[in-house]
Amino acid sequence: MPELPEIEVIRKTLSGHLAGLTVSGVTILEPFVLTAAAKQGLTQVIRERVLEVNRWGKCLIIHLSGGKSVLIHLRMTGRLLWSLEEPVTQPATHRHVLWYFSRGREKQGVLTYQDVRKFGRIDVIRKADLKRSEILRRFGPDVLALTKDEFISRLRGKKARIKAVLLDQQVMAGLGNIYADEILFDSGIHPKTEAAGLETGALARLFDSARRILNEAICQGGSTMRDYVHTDGVPGSFQHAHRVYRKTGHACARCESVIESGKIAGRTSSYCPHCQKELKAA
Ligand SMILES: [Zn+2]
C-alpha cells in the first residue's frame, strides 16, 4: 500500500501533467470505488480547469476552477496512469474511471484510475467542505504539515503502543507500516513502547526522524515493494534504504544484532532489539 512518500511522488508527477489543463471528458466504467457524491459530481466537472494537485496524508486532491475538488484515495491497489492516448493494453475490467484532458481544443492525455481489488475511493466535494469528505473526515492532519510542537502534543499521553499510534490516521495522516517501522528505528524507539511513556526529548527525536525519513523517501521516488510505480510507470528506490522493514532475521546495519519482528495493531513490526529499547511507562 502506498504511503505518504509514494503518494507525494504521484502528486508531483500528476501536478506536472495536469496543472492548467481542462477536463474535457470523464468515462466511468466501474462505479464501485465512487462515493455517492462522485457518481453525480464527476461528470459535472467537465470543462473545468485543474488549478493544483494537493495531498493530505495518503489522499490526492485535484482542485478545479469551478470550486470543486476530486479526492482520490488509492488504498491497497489503486493506481493512476497517465497516457497520451486512451490505454488499450490493460484489461478493461480493472479500469474504473478515465479522465480526458485538453488545452484549448488540443487533446493532452488520459488519466486512468485502475484498482484490481477495489478498496480505493474517489470523492467529489466543494473545496470549502473538503474536511467533510467521507475520505478526509477520518484523517487527522498530514504528518508533514505538523510543527514539532503539534506533533509532540498529538502523541503525548496516548495509552497505546507508539507503533499503533503512528499508524492511526486520525492521530496524523500519512504513515503506514513501512515508514512507521523505519522512523522508529531511526529514532531508536521500540515499536512496543507505550506512547505515554515517551518523554518530550524522545517525541522530538521521533519528529526529526519522521521528517528526515519521509523527505529522503520522497527524493528517492518512494519505495517500490510490490506494484507501486509512479503515474509514469517509474519505480522508486527507497526500498534499498530500508533498515528494518522486511529485514527480520538480517543483521542490523548499525549494531549487527538480528532484526526481530512481532505483531502490533495487527501488523508485523520489525525492529532491532539492541538499537530500539522498549521503555516502560512510569
Ligand atoms: Zn541495531
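Numbering of ligands and ligand atoms starts at 1, following listing order.
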Salt bridge (Lys or Arg N to Asp or Glu O under 4.0 Å), that's the test. Do Arg55 and Glu8 meet it? Break it down for me.
CA-CA 7 Å; Arg55 181 188 56 72; Glu8 177 60 18; 2.8 Å; yes
Nearest 10°: the angle subtended at the Zn ion (ligand 1) by Cys272 SG and Cys255 SG?
100°
With rounding to 10 degrees, Cys275 SG, the Zn ion (ligand 1) and Cys252 SG define an angle of 110°
Count the heavy atoms belonging to other residues, nucleotides or ligands that lie under 6.0 Å from NZ of Lys107, then report whether that count exceeds 12.
no
Please verify the inter-ring angle class for His73 with Phe139; under 30° counts as parallel, over 60° as perpendicular, anything in between as tilted.
perpendicular
Does His274 bring an N, O or S atom to under 2.8 Å of the Zn ion (ligand 1)?
no
Parallel, tilted or perpendicular: which describes the rings of His190 and Tyr271, with under 30° parallel and over 60° perpendicular?
tilted
